[in-house]
Amino acid sequence: MAPRAYWKGTLKLSLVSCPVVLYPATTTAEKTRFHLINRETGSRLKQQMVDSETGDVVESDQKGRGYELRKGKYVEIEPEELEAVQIESSHTIDIESFVPSDEIDQRYLNHPYYIAPEGKAAVDAFAVIRDAMKDEGRVALAKIVLTNREHVIAIEPLGKGMLGTTLRYPYELRDEDDFFDDIKNPKITKDMVELATHILDSKAAHFDPSKFKDEYENALKALVRRKASGKPLKAAPREEKPDNVINLMDALKQSLKGKSAAKRRASAPASRRAPQRRAAKKAHRSAARARKAG
């Protein structure tokens with residue numbers, strides 16, 4: 001069954017336009033979720049809204065929206081007043097400009113969506129816009145209304161379709177100076193930087209998200225399976241935290257030495273490793289016979 005479209009409308013570039021659909025590119029459906037339950041009955045709990053002052057349960061027809069002017073003082077906003085300022089969706093993504101992709105600060109990236117043509121008649125115009133962006137290596141910037149809010153969306157080619165990513169507004173980003181101003185600038189020797197560079201080179205790889213493993217999610221699933229089957233649960237021993245590094249240069253040298261040794265072991269020929277394994281097995285058998293004789 002095809003996924004349900006999140007948004008339908010028209011993608012427009014000057015006089016060229018085509019019907020498109022948006023689908024969320026991410027999902028949390030596979031994540032393990034827990035519900036609050038009553039320990040005595042096993043039934044799921046429901047939440048209720050209560051007045052913070054009186055503790056009374058507030059019925060649906062008494063619920064409103066208010067903006068906090070100061071501590072405990074709210075100005076109430078009526079539903080019709082909200083409707084008056086809401087932006088009416090034109091269901092059009094009107095491309096306003098094209099920018100180099102490397103100029104988009106990644107902190108602005110928000111929610112990704114897949115964009116596909118809607119219907120066979122839209123494919124030609126869709127492909128023209130997609131391939132033009134691909135040839136120029138640029139990202140389209142446009143505006144779109146989602147859930148009564150106007151968003152800036154960055155659109156780029158992705159395979160046969162396009163990827164649209166809503167962008168945050170500047171007021172949504174914190175100033176990095178608030179967090180980085182107190183960081184000192186220590187004097188780092190050239191040797192230290194070179195050693196660190198060698199370590200980086202030894203760990204060089206390509207981006208492969210298939211290698212990402214959510215260990216906590218896997219542990220949660222295993223916990224639920226064991227609990228549901230009535231098997232006993234065993235608490236995993238906690239790893240001891242390593243001591244703080246005192247000498248940075250020594251730590252860099254040890255890190256590099258460890259990587260080099262591992263690389264040599266991995267590249268050692270099988271013929272050279274085989275005698276080592278046989279010797280280890282022989283020593284193990286000798287120790288076992290000695291324990292048995294004793």
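What's counted below: heavy atoms across the whole structure, side chains too, no hydrogens, waters or symmetry copies.
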E30, CD atom: more than 12 neighbouring heavy atoms under 6.0 Å: no

Treat each ILVMFWY residue as a node, draw an edge where side-chain heavy atoms are under 4.5 Å apart, and state whether Y169 and I153 are in one component. no

Check the orientation of F207 and F212. Use parallel for under 30°, tilted for 30 to 60°, and perpendicular for over 60°. perpendicular

H91 vs W7, side-chain contact (heavy atoms from CB on, under 4.5 Å): CA-CA, chis, key distance, verdict: CA-CA 8 Å; H91 285 277; W7 183 93; 3.9 Å; yes

May I ask you to check whether over 12 heavy atoms, not counting those of E78, lie within 6.0 Å of atom CD? yes

Side chains of M162 and I129: closer than 4.5 Å at any heavy-atom pair? yes

Do side-chain atoms of H151 reach the backbone of K143 as a donor and acceptor pair under 3.5 angstrom? no

More than 12 heavy atoms from other groups under 6.0 Å of CG on D61: yes

From CG (L141) to CD1 (I95), nearest 0.5 Å: 9.5 Å

Roughly how far, to the nearest 0.5 Å, is CG of N185 from NZ of K187? 11.5 Å

Provide the closest heavy-atom pair for R107 versus R174 in the form atom of the first, atom of the second, distance. NH1-O, 4.5 Å

Counting only N and O atoms by type, is there a donor-acceptor contact under 3.5 Å from the side chain of D51 to the main-chain atoms of T54? yes

Rounded at 0.5 Å granularity, tell me how far SG in C18 sits from CG in L13. 9.5 Å

Measure the OG1-CD distance between T166 and E150 for me, rounded to the nearest 0.5 Å. 12.5 Å

If you compare all heavy atoms of P157 against all heavy atoms of R130, which two are closest, and at what distance to 0.1 Å? CG-O, 3.5 Å

Checking R65 side chain against E76 main chain: does a donor-acceptor pair fall under 3.5 Å? no

What's the shortest heavy-atom distance between S101 and V139, and which atoms? CB-CG2, 3.5 Å

State plainly whether one hydrophobic cluster holds both I183 and F179, where clusters connect Ile, Leu, Val, Met, Phe, Trp and Tyr through side-chain heavy atoms under 4.5 angstrom apart. yes

Is the side chain of E68 donor-acceptor paired with the backbone N or O of G72 at a distance under 3.5 Å, no angle test? yes

Are K31 and E217 ion-paired here, with the side-chain N under 4.0 Å from a carboxylate O? no

Non-hydrogen atoms of N110 and T165 that approach each other most closely: N-CG2, 3.8 Å

Please indicate whether F34 has more than 12 foreign heavy atoms, meaning atoms of other residues, nucleotides or ligands, lying under 6.0 Å from its CZ. yes

Nearest atoms (heavy-atom pairs only) where F126 meets K160: CE2-O, 3.6 Å

Output, in order, the C-alpha distance, side-chain angles, deciding distance and verdict of side-chain contact (heavy atoms from CB on, under 4.5 Å) for Y6 and L146. CA-CA 9 Å; Y6 179 74; L146 300 172; 4.0 Å; yes

Run the side-chain contact (heavy atoms from CB on, under 4.5 Å) test on I115 and I155 for me, step by step, so that the C-alpha distance in whole Å, both residues' side-chain angles and the decisive distance to 0.1 Å come before the verdict. CA-CA 9 Å; I115 303 176; I155 304 170; 4.0 Å; yes

Students often mix this up, so state it plainly: with edges at 30° and 60°, are the rings of Y113 and H111 parallel, tilted or perpendicular? perpendicular

Can a donor-acceptor pair be found, under 3.5 Å and without considering hydrogens, that links the side chain of E103 to the backbone of P100? no

Mind checking the CD-CD spacing from E59 to Q62? Nearest 0.5 Å is all I need. 8.5 Å

Would you tell me whether T189 and D191 have side-chain atoms, one donor and one acceptor, within less than 3.5 Å of each other? no

Short N-O contact, K134 and E156, less than 4.0 angstrom: no

For residues V50 and L45: do they belong to one hydrophobic cluster (side chain heavy atoms under 4.5 Å, members Ile, Leu, Val, Met, Phe, Trp, Tyr)? no

Look at atom NZ of K221 and say whether more than 12 heavy atoms of other residues, nucleotides or ligands are closer to it than 6.0 Å. yes

Would a single hydrophobic cluster contain both Y216 and V224, if residues Ile, Leu, Val, Met, Phe, Trp and Tyr are joined by side-chain heavy-atom contacts under 4.5 Å? yes

Counting only N and O atoms by type, is there a donor-acceptor contact under 3.5 Å from the side chain of R44 to the main-chain atoms of I37? no

Around atom CD of Q48, are there more than 12 heavy atoms of other residues, nucleotides or ligands at under 6.0 Å? no

Under 6.0 Å from the CG atom of D208, do we count more than 12 heavy atoms belonging to anything else shown? yes

Evaluate the criterion side-chain contact (heavy atoms from CB on, under 4.5 Å) for residue pair N148 and E83; output intermediate values, then yes/no. CA-CA 9 Å; N148 298 321; E83 291 177 5; over 6 Å; no

Does one hydrophobic cluster hold both V123 and V20, with members joined at side-chain heavy-atom distances below 4.5 Å? no

Would you say the side-chain atoms of T92 pair up with the backbone N or O of D94, donor to acceptor, closer than 3.5 Å? no

Between the main-chain N or O of V16 and the side-chain N or O of S14, is there a donor-acceptor pair closer than 3.5 Å? no

Nearest heavy-atom neighbours spanning M133 and F98: CG-CE2, 3.5 Å

Rounded to the nearest 0.5 Å, what separation is found between the OG1 atom of T32 and the CG atom of L223? 9.0 Å

Take atom CG in L36; do more than 12 heavy atoms of anything else shown fall under 6.0 Å from it? no

